[in-house]
Amino acid sequence: MKTRITELLGIKYPIIQGGMAWVADYHLVSAVSEAGGLGVLGAGAAPADWVREQIRKVKENTDKPFGVNIMLLNPAAEEIAKVVVEEGVAMVTTGAGNPERYMKMWKEAGIKVFPVVASIGLAKRMIRSGCDGLIAEGTEAGGHIGDLTTMVLVPQLTSEFDIPVVAAGGIADGRGFAAALMLGAEGVQIGTRFVATYEANVHENYKDAIIKAKDIDSKVTGRSTGHPVRTLRNAQTLKYIKLEQEGTDFEEMERLTEGGLRRAVIEGDVKTGSIMAGQIAGLIKTKMSVEDVIQSILAEAKHTLKESQKYV
Ligand code: TUI
């Protein structure tokens, strides 16, 4: 399968793995890149040294291209922005902010830059500062999100700009992949589906929570604080939503969620931890290998695209 995304990144399939904090370490990243997609390390809130170590471990496990996601709220973001240059990483995605100030350095180093955008406004600025492509992430996605759905964000971007767009948020199978292509995207970014794989270095309780999740089981907290985050609902999210409705102050609510993602991913605390996952969790019924996830998405996409011809 050939699109501008596969050409730009030198990968077999235009399937990019979401750079999920705590989840996307070298285990998942090297498995996805080995299977022909693009693995992306999730730097999350980690220190720069951890990111450097992880990059080196990915290189020990695959000679295929991979990326690093830099979460721009991380106090170490600037240091990590330099680490990816020093380590010769092929591609960078960014989240939760505007990476303009690093763009020149990355471009000079030959890094392909794909900022995650949730609106046309940020997309415009990113194109002006020289990004290679965009990841258009809808509000269906897990973790930190914007307001627009993938269904409305992707076609507005692909109509307005000529840059390659990767669709993200709400995609976990071949039908979602085919739909993204119909909207003008040339690739997809997939997060939640890759969490529930054998290769993901994630506590089984977290994977089981995704497998068990139903359509309406994700909730968004933090809209009132300006950092909306989608997680699977548990005792903690319900408490948070109640505090939010009562107008509790920002710091107190931040304390409640501090370390929550680590507790869920590493310790398997799915009661008070933060189980970040997208709305599509309801579609995910079994744990699979990364290779099977990718191959089943491709086979189903091909079938779906062929079947759609009956309407023409
Ligand atoms: O970044 C993500 N997803 C994430 S980051 C994360 S760690 C975290 N934990 C708690 C609070 C905050 C972060 C978990 N999941 N996705 C990419 C994404 N970026 N979604 C939305 C945005 C975004 C939103 C507003 C990017 C830029 C933006 O505005 C920047 C500007 O200056 O206009």
Side-chain angles (χ1 to χ4, degrees), residues 16-25 40-47 51 67-77 80 92-103 113-129 131 133-150 153-154 157 165-171 188-192 194-195 202 206 218-232 236-237 240 244 250-251 253-265 273-279 281:
I16 297 174
Q17 163 248 310
M20 300 165 283
W22 287 105
V23 168
D25 70 3
V40 178
L41 277 170
V51 179
V68 174
N69 173 268
I70 305 180
M71 206 277 283
L72 296 164
L73 296 171
N74 183 343
I80 297 168
V92 163
T93 69
T94 60
N98 178 343
E100 236 155 27
R101 80 192 85 138
Y102 309 120
M103 213 71 111
V113 184
F114 281 70
V116 178
V117 300
S119 67
I120 301 277
L122 186 60
K124 230 178 226 162
R125 295 187 64 157
M126 294 297 96
I127 292 168
R128 236 182 275 139
S129 57
C131 69
L134 292 169
I135 299 179
E137 190 181 277
T139 194
E140 300 94 321
H144 181 59
I145 49 170
D147 290 325
L148 300 174
T149 61
T150 306
L153 179 61
V154 173
L157 286 171
V165 170
V166 174
I171 303 164
V188 289
Q189 178 184 273
I190 292 181
T192 308
F194 281 126
V195 183
V202 167
Y206 199 116
S218 84
K219 286 274 173 270
V220 180
T221 55
R223 284 208 199 275
S224 64
T225 65
H227 288 146
V229 172
R230 183 181 300 284
T231 59
L232 295 183
Q236 189 80 343
T237 48
Y240 191 102
E244 223 175 350
F250 181 73
E251 272 86 29
M253 292 204 288
E254 288 283 289
R255 269 198 301 282
L256 191 71
T257 53
E258 225 169 54
L261 182 59
R262 191 196 64 83
R263 274 208 309 285
V265 175
S274 176
I275 319 166
M276 293 187 189
Q279 288 185 326

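In listed order, ligands and their atoms are each counted from 1.
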For atom 17 (C) of ligand 1, what's the nearest protein heavy atom and its distance?
Val116 CG1, 3.3 Å
Nearest 0.5 Å, what's the CE-SG distance between Met126 and Cys131?
7.0 Å
Spacing of Tyr240 atom OH and Thr221 atom OG1 [to the nearest 0.5 Å]:
5.5 Å
Just checking, any donor-acceptor pair under 3.5 angstrom between side chains of Ser218 and Gln279?
no
Evaluate the 4.0 Å heavy atom contact test for atom 27 (C) of ligand 1: does a protein atom fall under the cut-off?
yes
Do Ile16 and Val40 make a side-chain contact, defined as non-hydrogen atoms from C-beta onward lying under 4.5 Å apart?
yes
Just to be sure I read this right, does ligand 1 sit under 4.0 Å from the backbone of Met276, its side chain, both, or neither, counting only heavy atoms?
side chain
Using a 4.0 Å heavy-atom cut-off, which part of His144 comes near ligand 1: side chain, backbone, both, or neither?
both
Tell me the protein heavy atom at minimum distance from atom 19 (N) of ligand 1, and give that distance in Å.
Ala96 N, 3.0 Å
Residue, atom name and distance, where the atom is the protein heavy atom closest to atom 29 (O) of ligand 1:
Leu122 CD2, 4.3 Å
Close side-chain approach of Glu137 to Gln189, heavy-atom, < 4.5 Å:
yes
Give me the nearest non-hydrogen protein atom to atom 7 (S) of ligand 1 as residue plus atom name, then the distance to 0.1 Å.
Met71 CE, 3.8 Å
Could an N or O of ligand 1 be found under 3.5 Å from any N or O of Thr94, whether backbone or side chain?
no
Only one of Thr192, Ile275, Val220 forms a side-chain contact (heavy atoms from CB on, under 4.5 Å) with Arg230, so which one is it?
Val220
Report yes if the side chains of Val68 and Val51 come closer than 4.5 Å at any heavy-atom pair, otherwise no.
yes
Heavy-atom nearest neighbour in the protein, as seen from atom 32 (O) of ligand 1, with distance rounded to 0.1 Å
Asn98 CB, 3.6 Å
Write out the residue and atom name of the closest protein heavy atom to atom 16 (N) of ligand 1, then the distance separating them to 0.1 Å.
Glu137 OE2, 3.1 Å
List every atom of ligand 1 that sits less than 4.0 Å from any heavy atom of Gly97, numbering the atoms from 1 in the order shown and giving each element.
26 (C), 27 (C), 30 (C)
Can you find a heavy atom in the side chain of Met276 that is under 4.5 Å from one in the side chain of Met20?
no
Any Ala21 heavy atom less than 4.0 Å to ligand 1:
no
Distance under 4.0 Å to a non-hydrogen atom of Gly143: what atoms of ligand 1 satisfy this?
14 (C), 15 (N)
Considering non-hydrogen atoms of the protein only, which is the closest contact for atom 10 (C) of ligand 1, and what is the distance?
Val229 CG2, 4.0 Å
Short version for Leu73: what comes under 4.0 Å of ligand 1, heavy atoms counted, is side chain
Regarding Asp147 and Thr139, is there a side-chain donor-to-acceptor distance under 3.5 Å anywhere?
no
One pair to check against side chain to side chain contact (heavy atoms under 4.5 Å, CB included): Val195 and Tyr206. What are the steps and the verdict?
CA-CA 8 Å; Val195 183; Tyr206 199 116; 3.9 Å; yes
